[in-house]
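The structure appears below as C-alpha cells.
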Amino acid sequence: MINKRVADADEAIRDIIDGQTIMLGGFGLCGIPEKCIAALVKKGVKELTCISNNAGVDDFGIGLLLKTRQVKKMVSSYVGENAEFERQLLSGELEVELIPQGTLATRCMAAGYGMPVIYTPAGVGTEVAEGKEVRNFNGKDYLMEYAFDADFAIVKAWKGDTAGNLVFRSTSRNFNPVMAMAGKITIAEVEELVEPGELDPDHIHTPGVYVHRIFQGSDYEKRIEQRTVRPRN
Amino acid sequence: MINKRVADADEAIRDIIDGQTIMLGGFGLCGIPEKCIAALVKKGVKELTCISNNAGVDDFGIGLLLKTRQVKKMVSSYVGENAEFERQLLSGELEVELIPQGTLATRCMAAGYGMPVIYTPAGVGTEVAEGKEVRNFNGKDYLMEYAFDADFAIVKAWKGDTAGNLVFRSTSRNFNPVMAMAGKITIAEVEELVEPGELDPDHIHTPGVYVHRIFQGSDYEKRIEQRTVRPRN
Amino acid sequence: MLDKNGIARRIAKEIKDGYYVNLGIGIPTLVANYIPDGVNVVLQSENGLLGMGPFPFEGEEDPDMINAGKQTITTLPGSSIFDSAMSFGMIRSQKIDLTILGAMEVSENGDIANWKIPGKMVKGMGGAMDLVASAKNIIVAMQHINKAGESKLLPKCSLPLTGVNCIRKVVTELAVLDILPEGGFRLIERAPGVSVDFIKQSTSGKLFAEADVKEMDLN
Amino acid sequence: MLDKNGIARRIAKEIKDGYYVNLGIGIPTLVANYIPDGVNVVLQSENGLLGMGPFPFEGEEDPDMINAGKQTITTLPGSSIFDSAMSFGMIRSQKIDLTILGAMEVSENGDIANWKIPGKMVKGMGGAMDLVASAKNIIVAMQHINKAGESKLLPKCSLPLTGVNCIRKVVTELAVLDILPEGGFRLIERAPGVSVDFIKQSTSGKLFAEADVKEMDLN
C-alpha cells in the first residue's frame, strides 16, 4: 500500500497558498475538519475561496477563518448563524455565492466522477439560473452546472488508515465523501488512524486513491449547534 | 419502518410481464440474482430486454433465460463465454447493444440520482458515438448518454433488512447498488434477511428507500467462472 | 383559525402509510408529532439520513448525529446514513413521496418564494430549491396573511422565487387549498370557525370556492 | 525478440513507486509478477476493487471475490471495495496513474483498436473504451507483427476503434516506442538481438529512429 500519512495538520496544509480554492467538509459544525481549520488560521494564508455548505459560527468552524479575514469568497448553500460573516458581507469585504445544497453536493461528485457537468432542476426559473444553460429533457427543464475545480479538499473522517481509506460516523459523513473525491489534493483528518488491514474493505466509504494526506487529530471539540433533547419520563 | 418483505422470488417477480425492461446486477457470475432468474425461467415471461454487464454462461445466470428464448435484447458491455448466446446473435434471434462498462454503470447511477443525462469520454470517435451528441468541455470531447429507464431492477445482496436496506460482500457488490437505485421497481434477494436495527446504519450500501421488495434466498450456488489459484509452498 | 400546531396536525392527515417524507424547518417539523399510530413513515433528513427519530434524552446528545436543522436527533431501527450527493440524488429521482416546507409567498400558478427578502441578510436556500424542483408531492405550510392582514397567496410572487410551478397544495391557518394545474387556488377546506368569505378576502390570487366548503376535521 | 513475459517485464519498469495501476487481461496481467520489490503500487480492478492481491491458495477461492477477468483473487491489507459507478468514476477523474492494456492495432496518431473484428463474434468492449478515453497514462502491450509478418503498428487502424488519439507508449516483442503528439512512432529501445532495420521493416506507420538505439535493459 501507499503510505499517505503526514505528521499533523500543519504538515498537511503546508502548501496551501494565498488565493487558492479549498473545499471543506461538514454540515453546520458536524463533521468539520477542526484541526486543519486551526492550522490554516495559524498559517495565516489569505484570500481563500472556501467551498463549504455552511460558514461556521462566530467562534468555531470556518467562522475562525472569517474572523481573521482570510476568506475572500464563500461558496455555500446556507450561511446563517454568524454575525461577523454578516458584517463582512454587508460591508462588501466578503463575496458570497449561494447555490442549492444538492447542486453543491452534485458538483463535488461530478469532479470526483470525471463528469464535466451535471444537469439539475434545482433553481430553474430563479435567480440561480441567471446566465446558465437551461435544457429540457423529457418535458422538464434542467440547469447545466459545472464540476467544481478545487485546489484542495479538506475532510474529516472518524477512522482512516495510512493507505488513505476513510470511514465516517453518523451524519458527520454529509459532504465529506463527495469533497474527498473532488480535490486536486485531498487532505483527511481522522479521529483514529490505523494500519492498512484494520478497516473492513466492505465498509470503507472513501477509497484511499482519493486521499493524498492523512493524519490523526486529537481532542476534537465537536461543538453542537442546536442542542435539542426530550425529557426522560 | 416500512416493511418490504415478500415471501420468495416468485412473489417478488409476480408482475413482470412480457416485453419489459429489467436490469440484473452482477459481474460475470459474481453477485447475480440467482433466485429471481430461476423464477423468471419458471414464470416463462418473454421478450425481455435485459440490462446486465454480462450475459451469463450457457447453463447459469442470464444464460438460463437465453436458453429458454425469453430474452429479446441484451444491453451489456461484454457477452463472451456463452455458445447459445452466440448462436442466437448470429442467427438474428437476439438483439445485442454493446456499451462501455463505465457508461453502463453511470447510466444506472444517473437514473438513481435523477440526472437525465451524463457526459463521458468513453466511445468518442468510435462506432459507439454514432448518432450521439458530442460536446467539448475544457478541450475534451464527451458523449451525452441518457439515464436508463428500466421497469424493474433485480439485485443480489449479502444481507438485507425488511426495511430494504442492503449490504454487499466483496466484489459481488459491482453493479448491484447502482442498479438498485435505477429501477422503477427494485427487487432485492439476499443471503440473510434480518430485522430493522440489526444492520449498522453507517455500513448500509443501499438505503431502503430504493428497494421495493426483498426476500431471503437459500442454497446459493455462487458458481465460479475462472477458478484461479496459486500453489501452497 | 389554526395555530402552528393546528396546521401541522392538518398536514399530518395527508401522510399515508409507507411514505418517505422530508420535513422542512419550522411548522413542517411539528408535523412529526401528529403522525397517527399505525401509519408507518420514514423521515428523510437531507444532510444524509433516512429513519430520523425523536430528539435524544438529555445527556445522550451525539454531535455526529444531527438533522438538516442542525438539531441533535436520534435514529430509529432500520435507519441508514449516506452522503449529501446520494441524499439529493434520491430527492431528484423522486424516491421521497412527500415534501413539507414553509413559504413566505405562493402564487396561483404554484410558484414559491421562501429564501430571500431583498434588503435583508440572505442566509441562503439550503436544500429548498432542490426539494421544490424535484419533489412529486409538496405541501406548503404557511401563514395565509401577514401581520398587516395582507395575503401571502398571490397572483404572482413579489419575492425572489425558490421554484416555479411546483406547489400543488397549501395549508394555512385559514384553509386547505389546492393549486390547479391551469392556475388558481381551489378552496378545499376551511379552518374551524373561519368563513368562506374571510378566506376570499384573505386570498389575493385567483380563488375558486364553492358556496359550501367543509370545515377541517383535525382528529 | 521478447516473449510475453519479456514484454511484461519491460513494462514493469515503467511503474513508479506510489502508482495506482489498472492491468488489462492478457500480457498486462503478467506485469504484476515483475513489479520490483520496494515499489509500492496498488492494483485497481474495474469491477470494484483497489488493492488486488495474488490468486488464492487452492481451497480458499471465494466466489464473491473476483477481478475484472472474472478470476478468483485475494486482497491485500488496505484494500477497498466499491461499486461499478465509483470504479469508473475514479477512472474518468484520472485517479489511476497508469493503465496497461493489450491491442490488436495501434496507429501513428495514437488510435487503438482492441475490441472488435468484423465478421467474427463480437464479445464487447467491457471497460476498455472507458479506460482508453480517460487514462492520463496508457501503455499498450501488443505484438508488433502478426503471424503473417504484417505490422500492427499502422498509419491508420483498419479495425473498429476503441479510442482515438489516446496512446502514447507501446511495448512489443521488438521494441519500446513512444507515439509523438504530432503523430508517428518514435523508437526508444529495441529488444535484445533485434536490429533497428528489422523494427523499421516491421512498422508500417511512420517511424522515427536514430541510427543508434539502445537495447532494452530487462533487469
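Chain letters run A, B, ... following the sequence lines, proteins first, then strands; residues in each count from 1. Everything numeric here is computed off the predicted structure, so don't read it as measured data.
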Answer yes or no: are there more than 12 heavy-atom neighbours, outside [X] itself, under 6.0 Å from its atom [atom1]?
X	atom1	answer
A:K42	NZ	no
D:D217	CG	yes
D:R168	CZ	yes
D:K13	NZ	yes
D:K156	NZ	no
A:D219	CG	no
D:K136	NZ	yes
D:E58	CD	no

- Examine whether an atom of A:H205 lies under 4.5 Å from a heavy atom of chain D, and if so say whether it belongs to the side chain, the backbone or both; otherwise answer neither.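 The backbone, not the side chain.
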
- Checking A:A182 against chain D: side chain, backbone, both or neither under 4.5 Å from a heavy atom?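 Looking at A:A182, nothing touches chain D.
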
- Item | Chi angles and distances behind the side-chain contact (heavy atoms from CB on, under 4.5 Å) call for A:M181, D:K95 | CA-CA 9 Å; A:M181 297 192 301; D:K95 301 293 175 183; over 6 Å; no

- Query: Please walk me through it: do D:Y19 and A:I2 pass side-chain contact (heavy atoms from CB on, under 4.5 Å)?
  - Reply: CA-CA 8 Å; D:Y19 266 16; A:I2 300 160; 6.0 Å; no

- Item | Leading residue by heavy atom contact count with chain D [cutoff under 4.5 Å; candidates A:A163, A:G208, A:P207] |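 Top option by heavy-atom pairs under 4.5 Å: A:P207.
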
- Message: Can you tell me which of A:T206, A:T162, A:N3, A:I204 forms the most heavy-atom pairs within a distance under 4.5 Å of chain D?
- Response: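 Most pairs with chain D among the choices: A:I204.
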
- Dump the intermediate steps for side-chain contact (heavy atoms from CB on, under 4.5 Å) on A:M1 and D:L76, then the final yes or no. CA-CA 8 Å; A:M1 284 295 137; D:L76 298 175; 4.3 Å; yes

- Message: If I take atom CG from residue A:D200 and atom OG from residue D:S80, how far apart are they, to the nearest 0.5 angstrom?
- Response: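 Here the interatomic distance stands at 11.0 Å.
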
- Query: Between atom OH of A:Y113 and atom CE of D:M90, what is the distance when rounded to the nearest 0.5 Å?
  - Reply: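 Here the rounded value is 7.5 Å.
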
- Measure across D:G78 and A:D161 and return the closest heavy-atom pair with its distance rounded to 0.1 Å.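 For D:G78 and A:D161, the tightest heavy-atom pair comes out as CA-OD2, 4.0 Å.
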
- Task: Grab the two heavy atoms, one from D:S93 and one from A:Y210, that are nearest each other, plus how far apart they are.
- Result: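 So the minimum-distance heavy-atom pair works out to OG-CE2, 4.3 Å.
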
